Each structure stands twice: as structure tokens, then as C-alpha cells.
Protein chains: 2
Amino acid sequence: MNNEASRDKFKSYLSTKGLRVTNQRLAIFEAAFAQKEHFTAEELLDFARDIDDSVSRATVYRTLPIMIESSLVREVDIGKNLKYYLPNTDNNTQVAQIICTDCDKIFEINAPFMEWYGNSVSTKLGLTPVSQRLQVNAHCNSFRQHGTCKNRPH
Amino acid sequence: MNNEASRDKFKSYLSTKGLRVTNQRLAIFEAAFAQKEHFTAEELLDFARDIDDSVSRATVYRTLPIMIESSLVREVDIGKNLKYYLPNTDNNTQVAQIICTDCDKIFEINAPFMEWYGNSVSTKLGLTPVSQRLQVNAHCNSFRQHGTCKNRPH
DNA sequence: TTCGATGCAAACTGTTTGCACGGCT
DNA sequence: AGCCGTGCAAACAGTTTGCATCGAA
């Protein structure tokens, strides 16, 4: 799904929910979808303000749940009291995150094999799986060998 | 490993690190190991104060990392801006968490095959896995059928 | 015109820290 | 005696919220 399709999806999601299509919401959307890497709420505020400097922090925090609810953005919690976000270009929910503990970079890779696992484990407990995530904390090999991480800090 | 063995391990860990065995630290340890379910830092403070009412919030927060570092307690982050803790009676680090989104209860189950996932996924990226967690968000069947969750809220 | 959306700043939650006092070793 | 550990309260970070105003439909 490209950006224009995503933008349309966002607008129609807003309309369907009786929410208004405002410049601020659009600026936040554009800012999010211009990102190639994970970003924080605060970073999103900065990016959005580059597009429309009237965007406030509150609106960013009020818009993020809308974009998450509409599956346009995914939320990634790596256990750091700080949430990361990522535009959800494909609609994939079976994703594993590998976090480099040296540079904090988050890699994502498809993990379709995860699905059967979640199902088998949940049904044992009388639960219906909704989503699942595999998170791996790992050391960067280049860091251990050369004392530096080839990936820039987040 | 039973509680006495764990207590010994805690005491010797403190000694080895040149840390002091104080009443407050012991009270916090006892409080943690009396729990059968996951608990929060705030709950641990209450429990510890029942044992020694001189325990302060600061000491709880300063003791938790020690217990985690010594593998006596595991930290569980379910993406709720709130961390849960659990006495680590067996020494198992390959655990999957299944979180009921209706009642917030956390189930844990062994997932020994997780290790393979983490390895296969990390090596593709030139990383060496350190730790990993699999988290499944699921709906409680009884909630969906009867409008109530048989498990009490956390 | 109407009522949802916004910006601002204050409130809030969980956690961390500076400081002077207290108590292990 | 020395110095680590402690309680207290203030600080802190990220996020949420109340309120008066703004603006999309």
C-alpha cells in the first residue's frame, strides 16, 4: 500500500468515524508516513511541525491512537518506558522485532511461523489470540568485534 | 528452587557484590517471594511494608534491579507503561506471556522452542541473541460468551 | 451554526535522584 | 569510624486532560 492509498484510507477512516479531517491530523499523518525508521511521539511532533507548525503535542498524542486503531501505524514497545511507532505499509501483524542492545536500533522481520504457536498456546488456556510479538534482544556483532556499532543510534 | 534457597542466593549475591544485607532488602525479598501472581512495584511496596513498615518506595525501586540482576525476579513488560514482576523460582528464561486483554491477567508458559526462533532470526541480521520474549495478546473466551471474565482483574 | 478539534498549561503516573540522617560491618 | 543504605520529597519523563477558543462540515 503506497502513501496515497494510505492517506485515502486515513481520510475515509476519519469520515466513517464521524471525525473531522483537519490540517493538523493530515500533517501528523504525512509526518508519520515520511519516516523509514521507528519514531517516538516527540519525534513525530517535530516532523509534523515541519509541515504545519501549529501542530501541538496534545494533538499528536490524540492522533496516534486513531492511526493505530485504523491499522495505519503500528506501536512498538521494547520495554523502555518509551513507545516507538512505525507506518504500517503492509498489513502484517506477524512481525518479530530484534533490538540491538548496543545501538538500540530496531529491526523488524516477518515471522509467519509465530502464528501457529500463538494459536496452540492460547487455546490451551481458553483464550483467542489477537496479536503476538516476538522480541529478541541481541548484540551487534560489529560492536563486539570493532567496538563500534555500524548502525547509528536511534 | 525453594524460598529458603532463594533467600540464601539473595544474601550471598548481596555479599558478593559488597552490598549490605539490610532488613529492608530482606523484607522486600520476602514480600516478592510470597507472591504467586505478577505484581507491580507499588504492590510490592505495600507487601513489603506489611513485613517491615519502614520500607520506602525508593528502596523498593532500588532493590528491584538488584533482584532482577541476580535472576531472582523477572521483569515483565506488557506494553502498559507499567512493569510487572514475578519471583523467578525456576531459572527459566524461555517463557512466553499470554495476556488476556479483558482482565489483564498474565499467563506464563514455557516456550523452549523460542530459542530456535531467536537464533534463526538474529543470525540473519548478524546479531547475537541475548534474551527474547514472546507475547500473545488474547481475548478471554468466557468474557466474550458471558460478558464477564472469570479471572479477576490484576 | 454547530459541535468536534485544537493549543496551552497544568495534572498525572510511574520512576529516579539529591540530600541529610541512620545503622551495618 | 567509616561509609553504604535509607526515607523523604522534589525532580523527572512521557503522556493525558480541562478549558477556552477555533474551525470543518
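Proteins get letters first, then strands, A, B, ... in listed order; numbering begins at 1 in each. Everything numeric in this text was worked out from a predicted model, so none of it was measured.
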Q: With DNA chain D as reference, determine whether B/R49 or A/V21 sits nearer its 5' end, using the nearest nucleotide of each.
A: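 Mapping each residue to its closest nucleotide by heavy atoms, the 5'-most match is B/R49.
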In whole angstroms, how far is the [atom2] atom of [N] from the [atom1] atom of [X]?
X	N	atom1	atom2	value
A/E42	D/dC12	CD	P	16 Å
A/Y84	D/dA13	OH	C1'	13 Å
A/L45	D/dA13	CG	C1'	15 Å
A/L64	D/dT17	CG	P	15 Å
B/Y85	C/dT15	OH	C1'	9 Å
B/Q24	C/dC24	CD	C1'	11 Å
B/L19	D/dC3	CG	P	16 Å
A/I66	D/dT16	CD1	P	13 Å

Q. With respect to the side chain of B/L82, which nucleotide from C/dC24, D/dG5, C/dG14 is positioned closest?
A.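 Nearest to the side chain of B/L82 among the choices is C/dG14.
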Q) In terms of ring plane angle, is the pair B/F29 and B/F10 parallel, tilted or perpendicular, where the classes change at 30° and 60°? A)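 Answer is parallel, since the angle falls under 30°.
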Check this one for me: any side-chain N or O of [X] less than 4.0 Å away from OP1 or OP2 of [N]?
X	N	answer
A/Y61	D/dT16	no
A/T22	C/dG4	no
B/T59	D/dG5	no

Q. Is A/L86 reachable from A/L45 through a run of hydrophobic residues whose side-chain heavy atoms are each under 4.5 Å from the next?
A.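 In one cluster: no.
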**Q.** ILVMFWY network linking B/V130 to B/L134, side-chain heavy atoms under 4.5 angstrom
**A.** no
**Q.** Donor-acceptor under 3.5 Å (B/Q135 side chain, A/Q135 main chain)
**A.** no
Q. Taking the nucleotide of DNA chain C with the closest heavy atom to each, which residue, B/K83 or A/R62, is nearer the 5' end?
A.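 That would be A/R62.
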Q: Name the residue closer to the 5' end of DNA chain C, choosing between B/A58 and A/V60 according to the nucleotide with the nearest heavy atom.
A: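 Checking each residue's closest nucleotide, the 5'-ward one belongs to A/V60.
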(Q) Taking any heavy-atom pair under 4.0 Å as a contact, classify A/R57: base, sugar-phosphate, or nothing. (A) base
Q) Ignoring hydrogens and angles, are the base of C/dG4 and the side chain of A/R20 linked by a donor-acceptor pair under 3.5 Å? A) yes
Q) For B/F107, is the NZ or CZ atom of B/K105 found under 6.0 angstrom from the centre of its six-membered ring and inside 45 degrees of the ring axis? A) yes
